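Order of appearance sets the numbers: ligands from 1, and atoms from 1 within every ligand. One is the number of the first residue; the rest follow in order along the sequence. Worth saying up front: this structure is predicted, and the values here are computed from it rather than measured.
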Amino acid sequence: MDTLEMLYEGKAKQIFKTGDPSLVLVRYKDAATAFNGEKKAELSGKGELNNRISSFFFQLLSNEGIPHHFVREVSAREQLVKKVNIIPLEVVVRNRVAGSMAKRLGLEEGQILPQPVVEYYYKNDELGDPLLTEDHVAILNLATPAQRARLKEMALQVNRFLSEWLDQRGIMLVDFKLEFGTDEKGEILLADEISPDTCRFWDKETGERLDKDRFRRDLGQVVESYRKIWNRLEGDSHV
Ligand code: ADP
Ligand code: UDP
């Protein structure tokens, strides 16, 4: 596996070519970054936990009929996925106010939203991933109106399923970010990762944050919190 050609190195993952042109290998790094790469650290064990947690969630979503890129885990920090053309949008779903929404709208963190809120951000580091309206998505040709509608439908479907599933295990799904891509047939697949790096998970009883906010806000116990999430998932006998 060490000799594979690297196609891309991002902030949290590396993508490698495989012998099959329709598949790529994803290696999860221990690197943690926040604020568009301004804050950085190496967190030993994070890569393995995110690989495991993300693999687990994608497998759960298979049972819900959500088309996705995940094929199988290859090692502790590597997974095989279907290669897609990533749609340069970050689709965020929120169930409670947190993070940038609290700042932008002057709302209190933790407030329950009367309905899930879907937001689109332009995946563009140079521009600092700006928030987009549906019209912005259209004029930038980032997705057709039909594709955009499908992204929203899939994101809400993921939210309905995961928020209920996690709630039963004592975890609040506050918000999360999804990425999608198209395969060679043009079908939209859920891609990238679903992990404590990309979701806000709060303990239902204590409100403790078990996600990347521990790193963003210097709360400490980052990897320990990711492990708490993994232990709660792993404790489940359905997968
Ligand atoms: P970033 O690019 O934001 O630093 P990562 O370090 O997570 O992010 O890098 C992973 C990259 O791989 C992201 O740009 C993501 O869009 C892309 N990606 C995720 N899933 C796939 C896939 N199935 N096929 C091709 N690229 C993917
Ligand atoms: N998120 C992400 N990648 C990003 C931006 C946000 O995974 O580049 C996730 C983040 O972890 C949270 C949700 O999307 O679960 C909403 O993030 P928010 O807009 O509040 O931004 P933040 O203040 O966390 O940067």
Side-chain angles (χ1 to χ4, degrees), residues 6-18 20-40 46-47 50-51 54-55 58 67-71 77 79-105 107 109-110 113 116-132 155 158-159 162-163 172-184 187-202 209-217 226 229:
M6 201 197 295
L7 293 171
Y8 176 80
E9 172 145 26
K11 297 184 285 291
K13 304 190 285 298
Q14 296 166 326
I15 310 282
F16 296 89
K17 239 185 187 174
T18 69
D20 180 339
S22 69
L23 300 176
V24 289
L25 184 91
V26 180
R27 183 174 294 157
Y28 281 70
K29 307 197 293 186
D30 284 340
T33 66
F35 314 120
N36 205 5
E38 275 172 44
K39 180 171 178 164
K40 288 186 196 143
K46 180 178 86 86
N50 278 356
N51 181 43
S54 196
S55 299
F58 276 103
H68 62 68
H69 75 159
F70 180 78
V71 178
R77 62 170 68 238
Q79 58 181 256
L80 206 56
V81 304
K82 292 179 194 161
K83 185 178 183 176
V84 296
N85 282 318
I86 290 285
I87 297 169
L89 286 175
E90 299 193 337
V91 182
V92 168
V93 183
R94 301 178 185 274
N95 296 306
R96 287 177 182 257
V97 174
S100 72
M101 186 189 209
K103 280 207 188 114
R104 185 177 298 115
L105 303 182
L107 298 172
E109 279 209 309
L113 293 162
V117 169
V118 178
E119 296 171 345
Y120 308 93
Y121 293 86
Y122 191 5
K123 227 175 109 61
N124 184 318
D125 284 343
E126 264 174 43
L127 297 176
D129 296 346
L131 178 65
L132 301 176
V158 170
N159 184 49
L162 280 190
S163 52
M172 259 188 267
L173 181 59
V174 172
D175 60 28
F176 59 95
K177 180 269 297 182
L178 299 178
E179 291 185 28
F180 297 87
T182 49
D183 65 11
E184 66 282 354
E187 193 192 355
I188 294 179
L189 304 184
L190 178 61
D192 204 49
E193 70 177 282
I194 305 174
S195 75
D197 268 6
T198 62
C199 304
R200 283 195 170 92
F201 297 124
W202 293 1
R209 292 167 190 262
L210 301 171
D211 56 58
K212 192 166 153 182
D213 274 345
R214 301 208 72 86
F215 173 68
R216 293 189 191 98
R217 303 179 188 196
Y226 286 33
I229 291 290

Visitor: Identify, for atom 22 (P) of ligand 2, the protein heavy atom at the shortest distance, and state residue, atom and that distance.
Guide: Arg200 NH2, 3.7 Å
Visitor: Quick check: does any side chain N or O of Lys29 sit under 3.5 Å from a backbone N or O of Gly47, one acting as donor and the other as acceptor?
Guide: no
Visitor: Provide, to 0.1 Å, the distance between atom 7 (O) of ligand 1 and the closest protein heavy atom, together with that atom's residue and name.
Guide: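 Looking only at protein heavy atoms, the one closest to atom 7 (O) of ligand 1 is Lys13 NZ, 2.5 Å.
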Visitor: Could you tell me which atoms of ligand 1, counted from 1 in the order shown, lie closer than 4.0 angstrom to a heavy atom of Ile15?
Guide: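 Numbered from 1, ligand 1 contributes 12 (O).
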Visitor: Under 4.0 Å from a heavy atom of Gly99: give me the atoms of ligand 2 that qualify, with their elements.
Guide: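 Within the 4.0 Å cut-off of Gly99, ligand 2 contributes 20 (O), 23 (O).
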Visitor: Between Lys83 and ligand 1, is there a nitrogen or oxygen pair with a distance under 3.5 Å?
Guide: no
Visitor: So which bit of Lys29 gets within less than 4.0 Å of ligand 1, heavy atoms only: side chain, backbone, both or neither?
Guide: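 Neither; nothing of Lys29 gets under 4.0 Å from ligand 1.
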Visitor: Given that the side chain starts at C-beta and the backbone is N, CA, C, O, which of these parts of Asp192 lies under 4.0 Å from ligand 1, counting heavy atoms, or is it both or neither?
Guide: both
Visitor: Which is it for Val84 and ligand 1 at heavy atoms under 4.0 Å: side chain, backbone, both or neither?
Guide: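 Both of them.
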Visitor: Run down the list Arg216, Glu90, Lys212, Lys177 and name the one with the heavy atom closest to atom 10 (C) of ligand 2.
Guide: Arg216
Visitor: Given that the side chain starts at C-beta and the backbone is N, CA, C, O, which of these parts of Glu179 lies under 4.0 Å from ligand 1, counting heavy atoms, or is it both or neither?
Guide: side chain
Visitor: Any ion pair linking Glu193 and Lys46 (charged N to carboxylate O, less than 4.0 Å)?
Guide: no
Visitor: Please work out, at 4.0 Å between heavy atoms, whether the side chain, the backbone, both, or neither of Leu189 comes within that distance of ligand 1.
Guide: neither
